[in-house]
A.B. asks: 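Questions regarding the structure given below will be posed in turn.
Starting from 1, each residue takes its place in the sequence as its number.
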Amino acid sequence: MYYHLVAVTDLRRSEAAALREVDVDLRHHELSVIGRPDPGEQVDGDGKPKSRHSTRAVALDHVTTGLLRRYLKAQKEVPSGPGGDRYLFTTPTGAPCRLGLFSHEFKELLEQYTSLPPIRLHDLRHGAASLSLAAGNDFTRLDVLHCGLLRLALSERSTPGRGEDR
């Protein structure tokens, strides 16, 4: 479920790992992403991320909503984590999983079940952005999420006279 969310919603790995049951609104097909700084991310004096886009609502498609509904039902047996929080992705004791676990497991799954070249977990975010653009979603929203990298890539392709010799 974790990898599916990262691949289709453009969540950062830390945002997906920090999701709690209260952040999931199945009725409105939405996730509430609460801004928590990534390790090494610049923060203001109050410890909050500098980007105003770190806290946002993320729309869910019907397939993802259905998968989450089944996942949450199966997770009911897992105890609450520290402070009574019910995280989506936990150890058997209810504690949230360490971020390194997801990257390590993703690498192992790819090596074991595919013959693909190495793909970083972070690369799933770029795939989500590409799918969103292909579906006709607003470019400016994607531009905000990818800090201008997408704007540069698209301008390279759409600038007259550029890329024609390639």
Side-chain angles (χ1 to χ4, degrees), residues 1-113 118-132 135 137-138 141-147 149-150:
M1 186 75 239
Y2 175 88
Y3 304 110
H4 179 87
L5 280 177
V6 172
V8 301
T9 62
D10 196 37
L11 291 174
R12 294 174 180 89
R13 68 184 186 131
S14 60
E15 291 171 336
L19 286 172
R20 297 164 299 152
E21 284 186 15
V22 297
D23 299 329
V24 179
D25 183 349
L26 296 173
R27 191 169 138 223
H28 293 103
H29 303 275
E30 196 172 82
L31 290 176
S32 295
V33 178
I34 309 301
R36 296 173 183 93
D38 291 344
E41 184 179 2
Q42 288 187 323
V43 294
D44 289 330
D46 60 3
K48 294 181 181 174
K50 284 189 174 183
S51 171
R52 61 187 163 92
H53 304 289
S54 295
T55 300
R56 63 194 185 282
V58 175
L60 300 172
D61 61 85
H62 292 284
V63 171
T64 302
T65 301
L67 290 171
L68 270 171
R69 183 173 281 113
R70 284 190 292 256
Y71 180 80
L72 289 171
K73 186 176 180 182
Q75 289 294 100
K76 288 295 180 198
E77 301 301 317
V78 177
S80 296
D85 284 325
R86 294 191 54 83
Y87 290 89
L88 290 189
F89 307 107
T90 68
T91 66
T93 63
C97 294
R98 292 182 347 266
L99 283 180
L101 170 75
F102 298 111
S103 296
H104 179 74
E105 182 182 67
F106 184 71
K107 181 181 176 189
E108 282 187 351
L109 288 169
L110 285 177
E111 288 173 355
Q112 184 175 358
Y113 294 107
I119 299 171
R120 299 172 303 153
L121 179 55
H122 173 81
D123 295 335
L124 293 181
R125 292 191 73 215
H126 300 297
S130 296
L131 290 172
S132 186
N137 289 318
D138 186 16
R141 175 73 181 126
L142 292 173
D143 184 41
V144 164
L145 291 173
H146 286 86
C147 304
L149 295 175
L150 190 58

A.B. asks: Would you say Leu19 and Val24 make side-chain contact, with heavy atoms under 4.5 Å?
C.D. replies: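 Not in contact.
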A.B. asks: Decide if the gap between the ring center of Tyr3 and the ring center of Phe89 is smaller than 6.0 angstrom.
C.D. replies: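 No: the rings miss the under 6.0 Å criterion.
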A.B. asks: What distance do Gln112 atom CD and Lys107 atom NZ have between them, rounded to the nearest 0.5 Å?
C.D. replies: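 Output value for this atom pair is 13.5 Å.
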A.B. asks: Is it true that a side-chain atom of Tyr2 and a backbone atom of Arg13 form a donor plus acceptor pair closer than 3.5 Å?
C.D. replies: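 Yes.
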A.B. asks: Can you tell me how far the CZ atom of Arg20 sits from the CG atom of Asp85, to the nearest 0.5 Å?
C.D. replies: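 Those atoms lie 5.0 Å apart.
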A.B. asks: Got His4 and Met1 here, is their nearest side-chain heavy-atom distance under 4.5 Å?
C.D. replies: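 Yes; the side chains approach each other to less than 4.5 Å.
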A.B. asks: How far apart are the C-alpha atoms of Leu124 and Phe106, what are their side-chain angles, what is the distance that settles it, and do they pass the side chain to side chain contact (heavy atoms under 4.5 Å, CB included) test?
C.D. replies: CA-CA 11 Å; Leu124 293 181; Phe106 184 71; 3.9 Å; yes
A.B. asks: Under a 4.0 Å N-O cut-off, is there an ion pair linking Arg56 with Glu15?
C.D. replies: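 Salt bridge between Arg56 and Glu15, a charged N being under 4.0 Å from a carboxylate O: yes.
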A.B. asks: Provide the closest heavy-atom pair for Thr91 versus Pro96 in the form atom of the first, atom of the second, distance.
C.D. replies: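 Nearest pair, atom of Thr91 first, then Pro96: CG2-O, 4.4 Å.
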A.B. asks: For the CG atom of Leu121 and the CD atom of Glu105, what is their distance to the nearest 0.5 Å?
C.D. replies: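 So the gap between those two atoms works out to 10.0 Å.
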A.B. asks: Kindly check if the number of other-residue, nucleotide or ligand heavy atoms within 6.0 Å of NE2 (His104) is above 12?
C.D. replies: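 No - once you tally the heavy atoms of other residues, nucleotides and ligands closer than 6.0 Å, there are 12 at most.
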A.B. asks: Please report the shortest heavy-atom distance between Ser14 and Leu99, naming the atom on each side.
C.D. replies: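 Here Ser14 and Leu99 meet closest at CA-CD2, 3.5 Å.
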A.B. asks: Considering all heavy atoms of both residues, which atom of Cys97 and which atom of Phe102 are nearest to each other, and what is their separation?
C.D. replies: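 So the minimum-distance heavy-atom pair works out to CB-CZ, 3.6 Å.
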A.B. asks: Does some side-chain heavy atom of Val78 sit less than 4.5 Å from a side-chain heavy atom of Thr93?
C.D. replies: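 They are not in side-chain contact.
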A.B. asks: Do Leu72 and Glu21 have side chains that get closer than 4.5 Å, going by heavy atoms?
C.D. replies: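 When only atoms from C-beta onward are counted, Glu21 and Leu72 do touch, with a gap below 4.5 Å.
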A.B. asks: Is the backbone of Gln75 close enough, under 3.5 Å, to the side chain of Arg86 for a donor and an acceptor to pair up by distance?
C.D. replies: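 It does hold such a pair.
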A.B. asks: How many angstroms lie between atom CG of Asp123 and atom CZ of Arg120, to the nearest 0.5 angstrom?
C.D. replies: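 If I round to the nearest 0.5 Å, the distance is 4.0 Å.
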A.B. asks: Going by side-chain contact (heavy atoms from CB on, under 4.5 Å), Leu31 matches just one of Thr64, Leu60, Asp25, Asp23. Which one?
C.D. replies: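 Of all the options given, the one that passes is Leu60.
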A.B. asks: Can you see which heavy atom on Pro92 is nearest to which on Pro79, and at what distance?
C.D. replies: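 Reported closest heavy-atom pair: O-CD, 3.4 Å.
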